[in-house]
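Working notes for the structure below.
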Amino acid sequence: MDKSYNHEQFEEKIYKLWEKSKAFMPQERKSSSGKQEKKPFTVIMPPPNANDDLHIGHARFVAIEDILVRYHRMKGEPTLWLPGADHAGIETQYVFEKKLAKEGKSRFDYDQDTLYKMIWAHVMKYKGNMENQLRALGASCDWSRNKFTLDPNITKIVHNTFKKLYDDGLVYRGERIINYCPRCGTAFSQLEVKHVEQDDEFYYLNYGSITIATTRPETIFADVAIAVNPKDTRYQKLIGKSAILPLVNRELPIIADTLVDPEFGTGALKVTPGHDATDFEIGQKHNLPRIAVIDESGKMINTPKKYIGMRTKKAREVVVNDLKEAGKMKKIEKIHHTIGVCYRDQSLIEPMLSKQWFIKVESLSKKAFAAIKKGQVKFAAKRYEKIAKHWLKNLYDWNVSRQIVWGIRIPAYRCQKCLEWTITDGKTPDKCISCSHTKLIQDTDTFDTWFSSGQWPFATLQTGKAGDFERFYPTSVMETAYDILPFWVIRMIMLGIYVAGDVPFKDVLIHGLVRDKEGQKISKSKGNVIDPIEMTKKYGADALRMAVVWGALIENDMSLSEDNVRGQRNFANKIWNIARFVLANPSGKRTKRNEDDNEVIKDLRKTSKRVTRLMEKYRLSEAAEEIYDFIWKRFANDYLEKTKNRREEAQKTLELVLQESLKLLHPFMPFVTEAIWQTGKERFDSPILITASWPKG
RNA sequence: GGUCGUGUAGCUCAGUUGGCUAGAGCGCCGCAUUCACAUUGCGGAGGCCACAGGUUCGAGUCCUGUCACGACCACCA
């Protein structure tokens, strides 16, 4: 054995050894007495986006899940960790469009089919890359069951689910105010809109009999009424009268609605149902028309001629100027308020009218809520249960259509004669369901990525090997980051219950983010990124894995610095050198244990017991520290030193303690422990560590 | 405005039904070198556990309030 552990020399070889041993696949381990196999332990990997390298956050989830999986595998449970990749609709298209822009091209230079194929090629490259990075981190997942969200049999399931929802009356196509990003050219769901605070101008405009205040004067042409609060004494006598829209002198009715806040602005609201969600609601109640003055590219329409075609920002300037000239601008104030921006590119979200496919969520979310309440889904950290429940109670109907090509095309076909829609399970229909006309055209929209990934646990198992779904569903634990709890976790519960008839997982383990050593969020713009692959190359996968679970509870954010990784590399070297010491001597024959031997074995058992208990409670950082402390302090610094003048006598005990230490540490640091095991395997109780038996407490 | 959460050594964090003489890693200081490992060993400094009240034989741990910070949500045009 070398003087220090050289990870580069072992990692690839050992990964291949594991794969060859088939340990990554769930093993049938019927006991000799013919009893049933142990209950399987199943984890569906949150599929990383197939559009980029893994980042440090991925390294943390890989470490956490792999630790759990390896632990349960060693306990002899048939263990399945099912890997996959996500096509990540909007994110991937966004990345790809940036790449096109660099070449001076845009998505509008290609037809839908060509663009789709180009993105496909791009994604396939990154998908393979990403999978190799998972291997480099030591992920012991079953590659024979690897899945991609755009696999034909997965999209088939997604189509079926949509059809089922439609047949059950849970899908409708509705004109609603949607969150539209003109730059991305697509609508977003409620969850994909970020709110940021900013200062803006607040314009007070003269509408004849009444003054209104607005931040968006360019939308006045879409006004259809003025609303005041019915209790507002200032305006009560104006209700039923009319106001005059400046610049175009259109008459607007003054109506009363309780949604108007009398404290805000002048207490009078310009009702613009075409470009504001609240106004839309008011408009519906009062049966008002809807006018759109901004189109999908963010340009003005349906306005006086001079504004048509202007971008909204420019239009605002010109309108403000015209209002001033017309003497209709009473005053301008500053206002600090919150606006919606695209979570992807931070550009302003335009609320606008659009026809989209919606899913009625109420019946689904109620069942999901009940499942959590009944404990069918348990959250390892209670505070996330609260958040999940909060979300399930506050969901709007889910807009699942996106105006992008990169995704699963919605199986909705529109009749060219009667304009009715025919929904199928993916097949092109022969004829329209309402008029039997035979010319139909498919909707060009694709599904929200979360609609397909919300079906991931049952979709992956139903399209896997025969019997997988029956054997592994519901899965044991869903481990994922808190920032996608509302996007993903609650949708999986909703759709899992609805389609597969049972919750998708029994436990939810939410992990926190990895931050830099000052506790700052990691981002490319801050320049504080920690590249997991670079760390792996420099210090070894074991060191990185240990570092990303070390020092903070799984559910909390953690700070990581290179020093932490280096420290764990030192620990890997420590166990290597312990082994070097122990394995240097020939295996002892019969030996007499003295008090030191007995004590260390007793402590080993205590440690094993504690570690096991901590693992069951997902307290991985404490388990890691327990093992670290035992191996470094108790075993190396204390016991091992005491054996130096009685090597032969203590040899058997040294080997036993080493063997059990390697087992305890293996889930955390799989490579170095297996490397040692293979070096001295004739002295240990299994030919390969990955499937050796977990120490008894 | 609402919800969730956080404030413990220089830094990053543990401290799970109240018993702590408050811990770990990193950092810092001193000493040790042909011993499995300097990717090391031994020793050490460093904390009114945010603040103020309360419950209790006993509170870092429970309750109330205050202050500070963070995340998320919301129809304030």
Side-chain angles (χ1 to χ4, degrees), chain A residues 1-6 177 190-191 193-195 200 202-203 212-217 219 223 226-227 257 259-272 275-282 335-340 351 381-391 393-394 482-483 485-486 512-513 515-519 521 539-540 543 546-547 550-553 555-585 613-614 617 619 621-622 624-626 628-629 632-633 636-637 640-641 643-644 654:
Chain A
M1 285 175 89
D2 290 344
K3 210 171 160 188
S4 57
Y5 171 62
N6 179 5
I177 289 287
Q190 166 201 7
L191 301 179
V193 179
K194 277 190 61 164
H195 293 88
D200 271 315
F202 201 32
Y203 304 95
I212 63 97
T214 180
T215 53
R216 307 188 62 199
T219 65
D223 291 357
I226 300 295
D257 198 293
L259 283 174
V260 180
D261 177 2
E263 305 289 314
F264 192 81
T266 64
L269 166 73
K270 71 188 205 53
V271 182
T272 318
H275 293 288
D276 184 278
T278 310
D279 296 13
F280 181 87
E281 210 180 315
I282 295 175
I335 184 173
H336 188 76
H337 68 155
T338 327
I339 55 149
K382 280 227 177 59
R383 73 170 191 264
Y384 292 115
E385 180 178 318
K386 282 189 200 168
I387 294 173
K389 282 181 171 169
H390 175 85
W391 271 108
K393 275 197 171 156
N394 291 289
Y482 64 70
D483 54 352
L485 194 154
L513 308 179
R515 295 170 176 274
D516 75 4
K517 62 171 180 252
E518 270 99 37
K521 208 164 177 173
Y539 299 109
M546 193 73 162
W550 182 268
L553 295 177
E555 66 260 33
N556 289 345
D557 288 358
M558 71 159 332
S559 293
L560 181 70
S561 71
E562 196 167 331
D563 281 344
N564 300 137
V565 186
R566 192 184 307 116
Q568 295 304 336
R569 187 272 318 262
N570 295 353
F571 179 50
N573 191 54
K574 191 71 191 178
I575 183 106
W576 175 263
N577 271 288
I578 293 171
R580 195 161 158 244
F581 177 85
V582 173
L583 300 177
N585 270 16
R613 208 180 54 224
L614 291 166
K617 288 155 78 178
R619 302 187 72 90
S621 60
E622 285 166 272
E625 283 164 42
E626 196 77 48
Y628 182 99
D629 191 66
W632 201 319
K633 303 258 169 76
N637 293 358
L640 188 143
E641 288 300 326
T643 65
K644 281 184 177 169
L654 282 166

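Order of the sequence lines fixes the chain letters, A, B, ..., with proteins taken first and strands second; residue numbering starts at 1 for each chain.
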Heavy atoms only, 4.0 Å cut-off, all strands: where does [X] land among base, sugar-phosphate and nothing?
| X | value |
| --- | --- |
| A/Lys574 | base |
| A/Asp563 | sugar-phosphate |
| A/Thr278 | base |
| A/Glu281 | nothing |
| A/Trp550 | sugar-phosphate |
| A/Arg383 | sugar-phosphate |
| A/Lys3 | sugar-phosphate |
| A/Thr272 | nothing |

statement: Walking RNA chain B from its 5' end, the first of A/Tyr628 and A/Asp261 to be reached, judged by nearest nucleotide, is A/Tyr628
Comparing A/Val193 and A/Asp276 on RNA chain B - which has the more 5′ nearest nucleotide: A/Val193
Could you tell me which nucleotide pairs with [N] by Watson-Crick or G-U wobble geometry, both distances under 3.5 Å, or answer none if nothing does?
| N | result |
| --- | --- |
| B/rA22 | none |
| B/rG43 | B/rC29 |
| B/rU55 | none |
| B/rC72 | B/rG2 |

Compare the minimum distances between each of [options] and the side chain of [X], then state the nucleotide with the smallest one.
| X | options | answer |
| --- | --- | --- |
| A/His390 | B/rC73, B/rA36, B/rU12 | B/rC73 |
| A/Leu269 | B/rA77, B/rG25, B/rA36 | B/rA77 |
| A/Thr214 | B/rG5, B/rA36, B/rA77 | B/rA77 |
| A/Asn570 | B/rU40, B/rA36, B/rA77 | B/rU40 |
| A/Phe264 | B/rC73, B/rA77, B/rC4 | B/rA77 |
| A/Asn637 | B/rC35, B/rC73, B/rC42 | B/rC42 |

- request: Find the distance between CG (A/Leu259) and CG (A/Leu269) and round it off to the nearest 0.5 Å.
  value: 9.0 Å
Interatomic spacing from CG in A/Asp2 to CZ in A/Arg580 - rounded to 0.5 Å: 8.0 Å
- prompt: Could you give all pairs that pass the salt bridge (charged side-chain N to carboxylate O under 4.0 Å, His left out) test and reach residues 564-579 of chain A, with sequence neighbours left out?
  reply: A/Asp563-A/Arg566
Using the 3.5 Å cut-off, write out each protein N or O paired with an N or O of nucleotides 14-22 of chain B and the distance between them.
| residue | atom | partner | partner atom | Å |
| --- | --- | --- | --- | --- |
| B/rA14 | OP1 | A/Asn556 | ND2 | 2.5 |
| B/rG15 | OP1 | A/Arg619 | NH2 | 2.5 |
| B/rU16 | O2 | A/Lys617 | NZ | 3.3 |
| B/rU16 | O4 | A/Glu622 | OE2 | 2.9 |

Length of the line joining [X]:[atom1] and [N]:[atom2], which is rounded to integer Å:
| X | N | atom1 | atom2 | value |
| --- | --- | --- | --- | --- |
| A/Met558 | B/rC26 | CE | C1' | 12 Å |
| A/Leu654 | B/rC37 | CG | P | 16 Å |
| A/Lys521 | B/rC69 | NZ | C1' | 16 Å |

message: Measuring only the C1' atom in each nucleotide, how far is B/rG18 from B/rC49? A whole number of Å is fine.
response: 15 Å
message: Taking only the P atom of each, what is the distance from B/rC51 to B/rA68 in whole angstrom?
response: 16 Å
Between [X] and [N], is there a side-chain N or O to OP1/OP2 distance below 4.0 Å?
| X | N | result |
| --- | --- | --- |
| A/Lys194 | B/rC73 | no |
| A/Lys393 | B/rG2 | no |
| A/His337 | B/rA77 | yes |
| A/Asn573 | B/rC37 | no |
| A/His195 | B/rA74 | yes |
| A/Trp391 | B/rC72 | no |

field: Test item: A/Asn577 side-chain N/O and A/Ser4 main-chain N/O as donor-acceptor pair under 3.5 Å
entry: no
message: Using a 6.0 Å cut-off, check whether atom NZ of A/Lys389 has over 12 heavy atoms from anything other than its own residue.
response: yes
- prompt: Yes or no on side-chain contact (heavy atoms from CB on, under 4.5 Å) for A/Lys270 and A/Thr219, after CA distance, side-chain angles and deciding distance?
  reply: CA-CA 10 Å; A/Lys270 71 188 205 53; A/Thr219 65; 2.8 Å; yes
